[in-house]
Every structure is written in structure tokens, then in C-alpha cells.
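A quick note: this is a predicted structure, and the numbers were derived from the prediction, not measured. Positions are given from 1 along the sequence.
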Amino acid sequence: MNAATIRLTTAQALVRWMIAQRSELLDGTEVPLFPGVFAIFGHGNVLGLGTALHDVRDQLPTWRGQNEQGMALAAVAYARAVDRRQVMAATTSVGPGALNMVTAAGLAHANRLPVLLLPGDTFTGRAPDPVLQQVEHFGDPTVSVNDAFRPVSRYFDRITRPEQLVATLPQVARVLTDPADCGPVTLALPQDVQAEEHDFPAAMFEPRLHRVPRTRPDVEDLAAAAEIVRAAERPLLVLGGGVRYSGAGAEALAFAEKHQVPVVETVAGRTLVPHDHPLYGGALGIIGSTSANALAAQADVVLAVGARLQDFTTSSWTGFAAGVRLVSVNAARFDAVKHNAHTVVGDARETLAELTAALGEWAGPSEWAARAALEKTAWDAHVDSLRAGGHTPDGTLTYAQVTGIVNHASTPDDYVLAASGGMPGELHGGWRTGEVKHGAGGTSGATMDLEYGFSCMGYEVVAPWGAAMARQLTHPGGLVTSIFGDGSYLMLNSEIYSAAFSGHPYVAVVCDNAGYAVIHRLQTNQGADGFNNLLADSRGPGADGSITVDFAAHAAALGAHVEDVRHSNDPGDLEAAYARARDAARTQRRPAVVVCRVHHAAWTEAGAWWETGVPASLTGRASYDEGKERQIRWL
């Protein structure tokens, strides 16, 4: 006998399955796995998937975007804001709309963040070929532009028959919820197949709860890790994004306290530890703090938990001592085995609990534990000096002053974002975390999203829309703030209107530094002439300053409340403007944009080395050669 079936189109079946999927938050609260869909409709998805979404619009909200990349990036930001426990989807038409999402897929892949991408595709029947927006491959008619998603997807499928969903959708859920495999999933949906009907098993639409698995470590691997740590004289605990997504912040701090191990944070693991904790050594890496980097340089054993140890964390592998022992705890073996580390595959929370039990009453030397506070005190004094001002020749505000003003006004319920350029360094190195407060559903308490895995310009402009959607549920008393430069604003600003239209409030602080200032810094610091980065160094009559952008007027035209303090160098004026913007965002339920002017060369720097290709003709080549000599290639 055949089991009960339901006749649906492919698109209807996909949408009904999405509604049936449930997820478990850190405290066990059950929520929808898919809380919504971002959509821009075209001929490739408006009738098939668009009709299916319309039919369930009260159960699965659809949000209208203005730019395909922008809305997909907002979807990724939503996932990070809820510690990867929920997944937004994004759908586009064929061709250019689909390709616009490839950048977002790359960002999600690099950062291990889940998003479901549903690009329309050309006809499987091929009768009308070539259709509008179709790219034809002379030697392979099965290829479409959606194949560009393959290298930036954790899971890719093209649904050419309705019944393929029965086998594919469980794999979709697996990838989106697996700590080791987590990342973007792309389902290419040919427009004729979207509308094709099939008798689907009714059972595939029954509610299904997805619990994030907590893999326990291998007993022998754990015992060996305990022996390595126990032998350490200068141990260091490094917290990565995996600690956040595991909800293991409290366990990590308890481990550090019991065993008296200094603790530092990577970009993805930031804001898990209160700044004033005596064992906290600061933010690690190139855009981090001199305090954390000094500890890393002296550590003889580094216990890296939930970190993939990218170059900005390791200072291109010059940040650790040559003889250091590395113990890597990670849910993904791919990340755990890097650089000859002693590998422990397991969930961060469970592994830390078992490792602390294995270590018993062992504790690191007290004089080494005290180094964390000493090093951080010196770094804090430096940041205090930068926040006090007086470091620019014309009195223009510094990035540290902007960061300090936002930091001072923020509460434990608030959330701050940055991505490309110099602002991630200001937040990673200079931000001071207050109380770590868990939100609804037991969300981790992390209050920062630094997208520096992909360093994607424009993310920080659109990400607050997705983050605000998520945080209004987990931290309803808080507010999202994003800080970015004029270059990022010009690259991807259209979703400010989307957020205003949809009623999702946040504050965006636009720091006008007249160009791509951080790349100008990299360029000139290596001895090259300033070229094509600052507006003044670029080709065209506007280089004389006669053609500028009125960011305040532009943001207002997109529906935002605006506070314009570009013509003031008084930090008090920026502080007052930011306070007004916070109030306006809350009361008016829309984005509020603060526009200020900052000096292009006033940065917070940790003095670490970063490997970039430097020609022999430039003065920076000597520093490059010296860094290469110190670089560890195999621990």
C-alpha cells in the first residue's frame, strides 16, 4: 500500500517543508528553523516560488529586498545574530539576480554561517532556449550561471524533477544545522520544475525538530590534550566563533578561572569575556591588541577552541613562539588538524567540560596568569589616549573616538557590527565588553558581529537589517549599531530603504574619510604612492574635492532618520547625535543614520605583521622579508 500523499508543485512542497522544520535554541526553546525569506522576484521565480510563498505569507514571512547581494547578506547576518540556530532563505530570478548572491554565498562559506539560497534557473525542458538572461555554454547545455555557486556552497543541488526534493531536503537540513559542515546551501530551481506537480509523501511535511549535535571528544585525544596542557608553563586559551555557536562562553570562562589560564578572543569569538575580567588578555591578532599578542608570543601551549586560526588571528603565523604546542578543539576536523595541532574533535562546551575534569586541580603558574591584567592595562591606557583625541593635525575625529562613543552608550542588550576596512580593527582591538547577558532562548550573549572572515565591503551596511530582525526577538530591549566608512556606504546602501520600509530599527554611523582609507594606509605604509584609494588620489576632476556625496541627504532620501555632524570636530556633538539617533530609531521604528567626518590616517594599531605581496622596489620589502623569516610554517 502507498502511504498518504499530497499533490503539490515543487515550489509548494519546498515551502511547506520549510514551515515544518523546527530548531532548538540554546535553552531548549523551540522556534522555526526558517523564520523568513528575503525575495526579489523575476520571471524565473515569481510564479512558481512566488505563488507558493504568497500562499503561506502568514506562516513564512517574505521580505522584499532592493539588491540580491544585500538581502542575502542580511540573511547571513540574521544567522549569526541567533548563533546559527535559525536560517533565513533568499530567492532571486535567473541570471544576474542569481549571480548577485554569489558574493553572499562566499561570505557565508568563509564564516561557516548557514543561509538557504534559492536562485531560479533556466528551463529543464529547453523548448524556449535561449531564454531571457540565459548564459549559453557551447559545449555543455546543462551548465547555467547557478553553477557559479558550487565553489561557495557547502551543499549544491539543481532540482530537475519534483521528487528529488524527497532525497535532497534532509541533506539541506543536515548542512544548515551541523556544527562541522555549517554553511550556505544552494538549491537551483528551474522555473518549469518549480510549477510542476507531484504526489509528495505527506510524512515529509510533518514537524521535525533539529537539535544541533554536540559531538563528544575521543577519550584518547582528550587525555593527550590534558597532558599537553598540564605540562604548560605559559598556557593560553584562545576563544573562536565555535565557542559562541556552542553557547560555551560561560564554560570557557569557568575553565580559565579554575585552571588560571589567560584567555584571548579571535574576531569571531569577540565579546564572550567581560573586559574587566582579570584573566582576559584582549583581542588577538593583526587588528587586535598588543596585550593579547604579547601573551601569544610568549605562550608555550595554545589551546584554541572553536577557531579556524586565519591569518588575521595568527598575524600570518608570526604571532606565536616557534616552539609552541598547539591544541585545537573544533567541531570540524578540517579546522582542527591545521598546522600540526594536536587535534580534538568535539563540541566546544562539552569538550571544555571534559577537559577541565581531566585536568583535575591543575592550575597554571600564578605569575603567568597575572600577566593578562598587566598587559591589558598597558593596552587600555593606549586606547584611552586615542579616545581622548588630539591625534589628528586638524582636530578631526579619530575612529577610536567614534568607537568609544558607541561603546560607552551601549548596553548588554545592544549589538554592534563592522566588516571591511579599518572599523573591524577599531572594534576588535578597542571595544570593551561589559556584562555578558544571555538573551531569549539562551542566545550566547555575544554582542558583536565582525565580518572579517571574508572582509566583504557592504556587509556592514546591510547586515544590521538582518541582525535587527533577529535581535528584536532575542533582545527586544536592545539596539543594533553598525559602524562603517563612506566607501562601504557607496557600495551597498539600498537595503537602508528595505529596513525603513519593513520597520526594522537600527543605527548606522557613517564615518566619512574621503575614500578607501585602510587600503590607502596599506599602500603607503609599504612605500607605494597613494593611488586610486583616497578620492584625492583618484583620476577625474572630482579629485580636487569639488564633487562629493551628501550622505545625510542620501540616507534621508532612503527613509532613514538622519543626524549630520560632519562639520563638527567636537566629540560631544557626535555623542549627542548618536543619543538622538538611538531614540529616533526606537520611536520611529526605522534606521537612523549618523554622519560624521574622521581623519583617514588615525587608526588603532596592534603592531602585528600581515603578509601581503610587496614588490622589491618598495621600502616595505625589508619588513616583508623580516616577517617571512619569523613565519611558522609547521608547528
Check: Do any N or O atoms from the side chain of D178 and from the backbone of R174 form a donor-acceptor pair under 3.5 angstrom?
Finding: no
Check: Is the F38 to W465 ring centre distance short of 6.0 Å?
Finding: yes
Next item on the list: Establish, from distance only, whether the side-chain atoms of Q66 and R64 form a donor-acceptor pair under 3.5 Å.
Entry: yes
Notebook entry, point to check: For the atom pair CG (D83) and OG1 (T443), what is the distance rounded to the nearest 0.5 Å?
Noted result: 6.0 Å
Check: Under the side-chain hydrogen bond (donor to acceptor under 3.5 Å, both in side chains) test, which residues partner R566, sequence neighbours left out?
Finding: D550, D564
Next item on the list: For residues G441 and L25, report the shortest heavy-atom separation together with the two atoms involved.
Entry: O-CB, 3.2 Å
Next item on the list: Anything under 30° is parallel, anything over 60° is perpendicular, the rest tilted; go ahead and classify W603 against Y399.
Entry: parallel
Checklist line | Residues in ring-ring contact (aromatic ring centres under 6.0 Å, His included) contact with Y452, at least two apart in sequence or another chain | finding: F312
Notebook entry, point to check: Picking from D147, T142, T124, what satisfies side-chain hydrogen bond (donor to acceptor under 3.5 Å, both in side chains) with R158?
Noted result: D147
Check: Do we see a donor-acceptor contact under 3.5 Å between the side chains of N111 and E451?
Finding: yes
Note to self: Ignoring hydrogens and geometry beyond distance, is a side-chain donor-acceptor pair present between Q164 and D157 at under 3.5 Å?
What the structure shows: no
Next item on the list: Report yes or no: does Q194 contribute a side-chain atom to a donor-acceptor pair with the main-chain N or O of G44 at less than 3.5 Å?
Entry: yes
Item checked: Any donor-acceptor N/O pair, R308 side chain to A110 backbone, under 3.5 Å -> yes
